[in-house]
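One-based numbering, in listed order, for ligands and for the atoms of each. For the single chain, residues carry numbers from 1 onward in sequence order.
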Amino acid sequence: MYAYFGGKSNICDFFVYAISMKRISRKKFIRNSGLGLLAGSSLISACKPEAKANKRIAAPNIITEKKYRWRMVTTWPPNFPVLGEVCNMLAEKLHILSNGRLELKVYGGGELVPPLESFEAVMSGAAEMYNGCSYYWAGKVKAAQFFASIPFGMNAQQMHAWIMNGGGYPLWRELYAELGLVPFIAGNTGVQMGGWFNKEINSASDLKGLKMRLPGLGGKVLEKAGGAAVLVSGGELYTSMERGVIDATEWIGPYHDYLMGLHKIAKYYYSPGWHEPGSVLETVVNKAKYDALPPDLQMMIEDASHSLSMWCFHEFEAKNNEYLNKIRAESDAEFRKFPPEVLNVLKQKTTEVLDEIITNDPKSAKIYASFQKFAKDVGAWSEYSEKAYYQI
Ligand code: CA
């Protein structure tokens with residue numbers, strides 16, 4: 001029980017109202033209002049002075065003053081650029097929108113629970129919300145990754161169109177509801193970079209034996225193409241590259257890659273990020289906690305998440321072009337594009353990886369069918385819109 005009544009006067013007003021109206025017994029009232037967790041006698045005695053001094057009967061709508069103090073865990077380091085910032089902004093926005101009725105305390109990864117235990121923490125109710133990316137949970141719920149990004153899948157604009165307006169949200173909500181969770185779009189990285197390499201990739205044969213930090217489905221695809229996907233945490237990326245433990249790594253895009261210093265230790269900066277063409281970030285709420293909120297607070301969470309989702313995506317766009325220029329100006333890294341032959345092989349291997357997933361997991365099959373249909377249709381439209389425009 002994390003809900004609480006904020007001020008003593010609110011508690012007392014509510015008590016005076018409830019008892020004077022004689023609509024409910026004191027015992028039943030305490031049980032229903034959740035105040036049973038507070039010491040009943042000390043609560044009553046704390047109320048007495050005001051109760052005696054103030055004979056007015058509080059308005060019934062005093063219940064709307066109920067306040068909620070929630071904990072949000074995240075998969076990001078504390079205050080991590082863009083992704084952590086957006087969590088802090090969500091807390092501030094909800095504070096203002098709700099006039100202090102819904103307060104979020106944001107915990108960076110590891111501050112309350114380890115980053116990759118955020119999912120379980122919110123499922124169990126140990127925290128009310130988390131912010132992360134759904135492909136982190138693919139080991140627990142395979143179908144979750146279709147709501148983040150899959151190799152050669154849709155870009156940010158298309159993913160958001162699918163989720164918000166193309167049938168994605170009902171499927172996402174259905175999948176998460178079974179786990180006691182409610183998901184919201186919280187942002188997008190946009191198309192990521194292909195990564196930093198100390199080996200040239202001129203043909204598909206250069207992928208063979210390539211040791212690359214490439215998590216998720218991208219890593220599985222690389223392995224099918226003969227490479228080795230190496231698991232390296234963000235904190236060990238720099239030294240792993242510097243010492244030659246790995247030949248290549250992807251991270252996010254110019255902004256975060258620059259902050260990580262990868263331009264100082266790698267020879268080539270490849271694009272595009274075929275493995276993450278538009279990773280959707282998620283804010284996820286414990287369903288029981290969400291369902292217990294008044295409708296206006298529920299709407300505030302949805303609206304705040306969606307508006308900050310735009311901020312997040314725009315911030316990536318704004319910062320990536322700024323830091324792309326810094327990398328160009330401050331390093332000798334060569335910018336390369338993957339040859340079409342390499343991309344074709346990776347695309348073919350992606351189909352094999354996805355086929356294995358949907359063959360073995362009916363939930364993934366159902367969600368991927370919707371994903372794939374939307375991707376095909378929106379792709380046809382993009383031929384005449386975005387793609388045609390970029391070719392000017
Ligand atoms: Ca990445």
Side-chain angles (χ1 to χ4, degrees), residues 74-77 80-86 109 115-116 118 131-139 144-156 158-159 185-197 201 207 210-223 225 227-238 240-241 246-263 265-266 268-282 309 312-313 315-317 319-321 323-324 327 333 335-338 343 346 349-350 353:
T74 73
T75 56
W76 326 114
F80 192 57
V82 193
L83 302 170
E85 286 177 275
V86 87
L116 298 183
S118 299
N131 181 280
C133 189
S134 66
Y135 56 40
Y136 289 141
W137 327 122
Q145 58 200 328
F146 292 104
F147 300 104
S149 190
I150 62 170
F152 298 97
M154 292 187 274
N155 66 17
Q158 295 165 342
M159 277 300 287
I185 292 183
N188 200 301
T189 64
V191 181
Q192 299 197 5
M193 283 295 282
W196 297 90
F197 290 68
I201 304 297
L207 299 173
L210 182 79
K211 286 179 286 179
M212 180 170 183
R213 183 264 181 194
L214 184 56
L217 288 180
K220 290 192 169 65
V221 171
L222 176 67
E223 294 201 324
V230 183
L231 198 62
V232 179
S233 72
E236 295 169 337
L237 265 189
Y238 186 94
S240 297
M241 272 297 276
I246 50 176
D247 306 312
T249 183
E250 70 85 53
W251 186 229
I252 304 177
Y255 182 30
H256 291 81
D257 294 7
Y258 176 93
L259 298 178
M260 190 73 91
L262 295 169
H263 57 294
I265 48 169
Y268 309 105
Y269 198 15
Y270 273 90
S271 67
W274 56 273
H275 60 295
E276 285 191 77
S279 297
V280 176
L281 290 321
E282 60 178 6
S309 164
C312 175
F313 179 42
E315 180 72 351
F316 269 110
E317 284 292 282
K319 285 289 196 300
N320 276 336
N321 81 65
Y323 280 77
L324 177 70
I327 291 170
F335 283 73
R336 296 281 183 94
K337 287 191 176 165
F338 291 117
L343 291 173
L346 293 169
K349 300 299 176 191
T350 295
V353 168

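In this structure, Phe338 has its ring center closer than 6.0 angstrom to the ring center of Phe197. For His256 and Tyr323, the distance between ring centers is not under 6.0 angstrom.
Taking backbone and side chain together, Ser279 holds no N, O or S atom under 3.0 Å from the Ca ion (ligand 1). For residue Ile252, no N/O/S atom approaches the Ca ion (ligand 1) to within less than 3.0 Å.
Looking only at its N/O/S atoms, Glu276 has OE2 as the one nearest to the Ca ion (ligand 1).
For Lys349, the NZ atom is densely surrounded, since the number of other residues' heavy atoms within 6.0 Å is greater than 12.
Every residue meeting the ring pair (Phe, Tyr, Trp, His ring centres under 6.0 Å) condition with Phe147, not counting sequence neighbours, appears here in chain and number order: Trp162, Trp172.
Expressed to the nearest 10°, the angle at the Ca ion (ligand 1) joining OE2 in Glu250 with OE1 in Gln192 is 140°.
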